[in-house]
Amino acid sequence: MIQIYDTDVVFHKEWYALKNINLKIEKGEFIFVTGPSGCGKTTLLRLMYMDIFPTKGEVIVAGYHSSSIKSKEIPFLRRKIGVIFQDFKLLQDRDLFDNVSFALQVTATPRKQIKEKVLKTIADVHLSHKRDSFPYQLSGGEQQRVSIARALVREPFILLADEPTGNVDPESTKQILELLKDINASGTAVIMATHEIHLVKKSPFRKIVVKMGEVIEDTKDNLKEEIFLDNL
Amino acid sequence: MIQIYDTDVVFHKEWYALKNINLKIEKGEFIFVTGPSGCGKTTLLRLMYMDIFPTKGEVIVAGYHSSSIKSKEIPFLRRKIGVIFQDFKLLQDRDLFDNVSFALQVTATPRKQIKEKVLKTIADVHLSHKRDSFPYQLSGGEQQRVSIARALVREPFILLADEPTGNVDPESTKQILELLKDINASGTAVIMATHEIHLVKKSPFRKIVVKMGEVIEDTKDNLKEEIFLDNL
Amino acid sequence: MFILREAFRGLSKNKLMALVTFGVMFFSLFIFGLFLISTVNLFLLIQKAEEKVGISAFLEDELSDNEIESLKRDISSLMGVQEVIFVSKSEAFEKFREDLGEDSDLLEALETNPLPASFDIKLYESFKDPKNLESISRKVDAMPGVEEIKYGEEWVKILDRVVKVLVGIDLILGVIISFSSIFVVANTIKLTVFARRKQIEIMELVGATHRFIISPFLVEGVIEGILAGGFASGLLFGIYNIFAARLGDFIQVTRELFIIVVVFGTLLGYIGSHISVKKFLRAPIGTELPKGK
Amino acid sequence: MFILREAFRGLSKNKLMALVTFGVMFFSLFIFGLFLISTVNLFLLIQKAEEKVGISAFLEDELSDNEIESLKRDISSLMGVQEVIFVSKSEAFEKFREDLGEDSDLLEALETNPLPASFDIKLYESFKDPKNLESISRKVDAMPGVEEIKYGEEWVKILDRVVKVLVGIDLILGVIISFSSIFVVANTIKLTVFARRKQIEIMELVGATHRFIISPFLVEGVIEGILAGGFASGLLFGIYNIFAARLGDFIQVTRELFIIVVVFGTLLGYIGSHISVKKFLRAPIGTELPKGK
Ligand SMILES: Nc1ncnc2c1ncn2[C@@H]1O[C@H](COP(=O)(O)OP(=O)(O)OP(=O)(O)O)[C@@H](O)[C@H]1O
Ligand SMILES: Nc1ncnc2c1ncn2[C@@H]1O[C@H](COP(=O)(O)OP(=O)(O)OP(=O)(O)O)[C@@H](O)[C@H]1O
Ligand SMILES: [Mg+2]
Ligand SMILES: [Mg+2]
């Protein structure tokens with residue numbers, strides 16, 4: 001499904017945002033990517049939806065190679081992927097319903113089907129009562145849930161979730177995790193970046209710990225708390 | 001310092017974002033505002049820096065009354081308040097240093113003094129190495145810390161922090177809390193909205209719990225976990 | 001100074017916007033300048049044409065010098081008459097010969113001078129319309145000793161009609177061009193401010209006064225206005241100079257014209273920025289709940 | 001259809017931008033139309049003036065009909081000559097009398113007709129410049145039986161100079177106006193797209209193809225272009241109509257002109273949008289790391 005070989009990402013010369021990454025993610029896996037602020041979680045996910053390209057190495061997602069993909073193919077890659085962005089990236093001039101349905105409109109889904117699917121997904125994230133609200137009329141947590149709904153509505157093969165619970169309360173966090181686990185159970189690979197280590201620590205899923213741009217841990221075992229401390 | 005009397009906020013007719021709020025906040029207090037996603041925390045803080053005005057009732061901050069404040073006076077009120085915004089609100093066309101120093105430039109602080117203060121504050125939030133980066137070059141957590149630095153650099157009388165730890169890891173969360181406590185110790189009133197109930201639950205500070213726009217708890221005692229559950 | 005620094009960083013950070021504003025202003029001012037030049041020359045032309053408008057009063061042949069003198073005095077005292085010039089029989093013949101030019105040979109076949117003496121009557125500007133011409137002519141015609149009156153009725157009527165039409169078109173175009181310029185420039189600036197509305201909002205939230213936020217925009221607008229005005233009048237002057245030698249005094253352009261263009265540009269920049277930025281400052285207190293954009 | 005729906009929501013959601021784009025286009029097209037009308041009429045005027053250019057060949061008095069006939073044939077065979085018309089002595093006298101108009105009384109004093117017979121020689125358009133006129137005149141003058149040649153040398157030279165200057169100015173203005181229009185409109189559209197660049201970026205991230213993103217912008221641009229072109233030519237037509245009655249055939253405006261304005265507007269909208277939106281699509285693959293704006 002996703003393979004990353006010997007990949008570096010360098011934003012400024014000599015400064016590695018990601019260094020020597022090697023990863024293989026299979027169909028239907030559930031993976032946590034964790035690590036301290038600024039370690040490179042978002043950058044890793046951006047590689048996967050080909051928002052950026054590796055400075056060195058190769059990223060292969062759903063059969064598309066980062067070294068040979070054409071401009072025209074990128075939209076089709078992205079349609080196979082659902083992304084929950086850390087900064088939501090909502091269309092400011094569309095209301096909640098339109099924001100979610102937009103993800104289906106780009107794939108030319110029939111109208112009726114769009115409406116049905118969108119309404120269901122909005123209900124899943126408990127936002128039915130806000131369907132006519134514009135992003136600026138929503139609270140931080142509500143916006144985050146819109147972003148989640150937009151990623152889920154397309155029932156993607158791969159779901160990239162960048163801190164999907166950063167702006168919601170513990171109760172909502174639990175619900176969102178359930179949602180992600182559900183969709184994973186239906187066969188979607190879920191890769192979730194999070195800094196909430198207590199969420200991850202004792203989970204039975206695969207956990208990738210990034211620090212200073214390098215993968216320092218890739219395991220299904222429990223993580224130790226010290227992993228975030230400065231002096232590792 | 002801050003008084004709120006019988007205040008309602010109604011965005012859409014008949015739908016209360018805040019209802020019948022009565023609060024009194026003294027000089028130098030440290031207060032958590034907590035509650036589930038969309039309960040009205042941000043709205044409550046926006047009342048305090050007079051970004052919105054109450055539909056009913058009266059808000060008094062640092063001697064300015066919401067019913068009688070003049071357009072011209074608002075900037076001066078805001079200079080007494082430091083705000084950490086939930087969505088950061090960084091100036092996209094200025095680098096980190098300029099973003100933080102902007103808060104001082106508007107008050108016509110001498111240049112030398114600005115540089116000194118800004119550099120110190122940036123160091124406090126561990127971002128010295130990123131001082132030339134623009135917001136789009138920063139990770140979510142880093143942007144949040146810039147927003148924190150901008151609020152702190154002016155050494156305000158009142159600090160409003162809207163989920164200042166939503167995008168950072170547990171270690172950074174601790175550091176930021178320490179920072180807020182330090183500034184509180186020097187006499188600044190700190191009002192921090194957060195949904196991380198485990199951060200708040202056992203803290204010795206005053207805690208205000210908002211739910212569906214109403215204050216349902218205002219106490220220094222420990223909070224019960226159930227407070228976030230749907231069926232309170 | 002901080003505001004100047006901010007203005008220059010605004011211009012350099014937002015080159016696209018600065019360029020567009022400059023371009024729109026330049027275009028508007030160029031057209032405005034063209035219009036001014038055309039108008040000035042149109043009026044010069046009209047003035048020249050109207051200078052030629054006058055009344056000729058042909059006299060009976062047997063008038064004495066005294067009678068002519070008193071007739072001249074009578075005509076001069078009419079309202080609207082600026083000057084009365086006597087043209088003798090021989091002067092008239094000489095002039096006719098000149099007018100004929102190459103064909104003048106055939107005058108040699110003439111044995112007597114059949115042309116009458118006359119008065120050329122010049123009128124004040126405001127009396128050069130068909131109505132006044134007619135009424136004055138009638139009065140002169142009624143005087144004893146005056147044989148016939150000519151003032152080119154048809155020609156005066158045509159001139160009057162053409163002038164009215166041209167001035168009308170000029171006025172309408174002037175109104176359209178001026179208003180369009182102001183509208184387009186103000187809205188373009190508004191657009192550039194619109195693109196920065198988030199930044200303005202953030203500045204307000206951080207405690208910047210309205211003056212602090214507006215000033216850099218005003219300075220930007222004025223700089224762009226001056227530059228656009230300067231370039232527009234520069235280009236106009238350049239084009240004029242290329243052809244000046246060949247145009248003779250057919251078209252005239254004065255320095256004031258260029259100054260007007262630059263001043264208009266500066267005003268456009270200032271006023272445009274002022275209005276635009278104000279629009280994007282937060283709703284003043286008392287109005288409902290803000291941010292609804 | 002989705003794209004149409006999107007275009008209309010784009011227009012209605014971003015009224016300010018739509019208005020500014022419309023305004024700038026309208027202004028440009030109005031000026032462009034004015035320029036077209038002026039140019040067309042300028043050329044009509046030149047044509048009319050040049051129609052009057054011709055050569056008069058005055059003949060010796062004692063030529064026989066045969067000689068005249070053969071002379072006419074000789075002249076007709078010269079390169080550049082379109083038509084040769086014979087004017088007899090009496091026709092010349094009649095015409096002179098008409099030309100004098102009111103002054104014609106004095107011709108009655110004449111006893112003989114001093115005017116010679118002549119040929120009016122009309123030339124093809126392209127031979128109506130001073131050089132060709134001179135060379136043809138010289139050839140005609142050399143023919144036996146031709147007494148004198150006249151073709152208004154000075155007048156032709158002045159006309160030639162004025163035409164060159166006017167066409168030169170017209171060309172320069174045309175280039176400036178066309179390029180400015182295109183530049184200003186394209187950049188204004190770019191500005192409106194710039195204000196929505198975040199939205200475009202998000203659309204790309206959600207998997208919209210470039211065509212899907214561009215199409216609504218193109219439709220918007222074309223709609224605005226057509227409307228602006230329509231309004232501009234409508235206004236021009238309106239102004240023309242107000243004065244049409246009084247202008248006679250002094251200024252002419254054809255329907256094609258308005259169609260050109262609308263077509264130009266449509267093109268402006270289409271091309272402007274196309275270029276602009278492309279600019280804000282993500283950097284194509286292979287270029288470094290994106291987003292650095
Ligand atoms: N476009 C860019 N240009 C330069 N540096 C960048 C850019 N994007 C990210 N970085 C840097 O790369 C590092 C990793 O960023 P990234 O966003 O991946 O962090 P993260 O793990 O998602 O952090 P967080 O938990 O705070 O969101 C950060 O130090 C950031 O400053
Ligand atoms: N401008 C607005 N117009 C309409 N409704 C609004 C507006 N701003 C906020 N709301 C609504 O008011 C409620 C409270 O919003 P608020 O942002 O205060 O929540 P919050 O407690 O900060 O939530 P979160 O923890 O998710 O940030 C939400 O349901 C939101 O949708
Ligand atoms: Mg991140
Ligand atoms: Mg909030």
Side-chain angles (χ1 to χ4, degrees), chain C residues 14 16-17 19-21 23-24 26-28 30-31 34 96 99-100 102-103 105-115 148 150 161-162 164-166 168-169 172-173 176-177 180-181 183-188 190-192 194-197 235 238-240 242-243 246-248 250-251 279, chain D residues 14 16-17 19-21 23-24 26-28 30-31 34 96 99-100 102-103 105-115 148 150 161-162 164-166 168-169 172-173 176-177 180-181 183-188 190-192 194-197 235 238-240 242-243 246-248 250-251 279:
Chain C
N14 304 286
L16 169 65
M17 302 184 202
L19 192 72
V20 176
T21 314
V24 171
F26 169 78
F27 185 50
S28 304
F30 181 77
I31 299 297
L34 262 186
F96 184 60
D99 283 355
L100 280 181
E102 294 171 353
D103 289 329
D105 302 349
L106 69 152
L107 289 181
E108 273 148 37
L110 288 174
E111 271 147 27
T112 56
N113 174 2
L115 296 173
E148 199 190 354
K150 253 199 269 169
R161 209 182 61 190
V162 169
K164 272 191 187 144
V165 170
L166 286 184
I169 292 182
I172 292 190
L173 289 186
I176 292 178
I177 289 178
S180 301
S181 300
F183 175 83
V184 164
V185 170
N187 275 294
T188 306
K190 205 191 280 175
L191 208 57
T192 67
F194 176 76
R196 288 188 265 177
R197 68 197 181 287
L235 184 61
I239 296 178
Y240 172 67
I242 295 177
F243 297 104
R246 306 208 214 165
L247 283 167
F250 181 54
I251 290 184
K279 274 264 165 66
Chain D
N14 304 285
L16 170 62
M17 301 186 203
L19 192 72
V20 175
T21 313
V24 170
F26 170 78
F27 185 50
S28 303
F30 181 76
I31 298 296
L34 261 187
F96 185 60
D99 283 355
L100 280 182
E102 293 171 354
D103 289 329
D105 302 349
L106 68 151
L107 287 182
E108 275 150 37
L110 284 176
E111 271 147 29
T112 55
N113 174 1
L115 295 173
E148 201 187 355
K150 252 197 268 171
R161 208 182 63 191
V162 169
K164 275 191 185 143
V165 169
L166 285 184
I169 292 181
I172 292 190
L173 287 187
I176 292 178
I177 289 176
S180 302
S181 299
F183 174 86
V184 164
V185 170
N187 275 294
T188 306
K190 204 189 282 175
L191 208 58
T192 66
F194 177 77
R196 288 188 267 177
R197 68 198 181 286
L235 185 59
I239 295 178
Y240 172 67
I242 295 176
F243 297 106
R246 306 207 214 166
L247 282 168
F250 180 54
I251 289 183
K279 273 265 164 68

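The chains referred to below are lettered A, B, ... by the order of the sequence lines, with proteins before strands, and numbering in each begins at 1.
- Put simply, the side chain of Asn14(C) does not reach to within 4.5 Å of the side chain of Thr192(C), judged on heavy atoms.
- For the atom pair Lys190(D) NZ and Phe183(D) CZ, the distance stands at 7.5 Å (nearest 0.5 Å).
- Of the listed residues (Ile169(D), Leu34(D), Val185(D), Thr188(D)), the one with the most heavy-atom contacts under 4.5 Å to chain C is Ile169(D).
- Looking at Ile177(C), both its backbone and its side chain come within 4.5 Å of chain D, counting heavy atoms on both sides.
- Minimum interatomic distance between Gly168(C) and Phe243(D) (heavy atoms only, all atoms of both residues): C-CZ, 3.6 Å.
- The line from CZ of Phe194(C) to CG of Leu16(D) is 6.5 Å long, rounded to the nearest 0.5 Å.
- Chain C forms more heavy-atom pairs under 4.5 Å with one residue of Ile172(D), Leu19(D), Ile242(D), Val184(D) than with any other, namely Val184(D).
- Between Leu191(D) and Val20(D), every side-chain heavy-atom pair lies at or beyond the 4.5 Å cut-off.
- When heavy atoms are compared at a cutoff of 4.5 Å, Leu173(C) approaches chain D solely by way of its side chain, counted from C-beta outward.
- Heavy atoms closer than 4.5 Å to chain D are found in both the backbone and the side chain of Ser28(C).
- Residue Ile31(D) touches chain C through its side chain alone, counting heavy-atom pairs closer than 4.5 Å.
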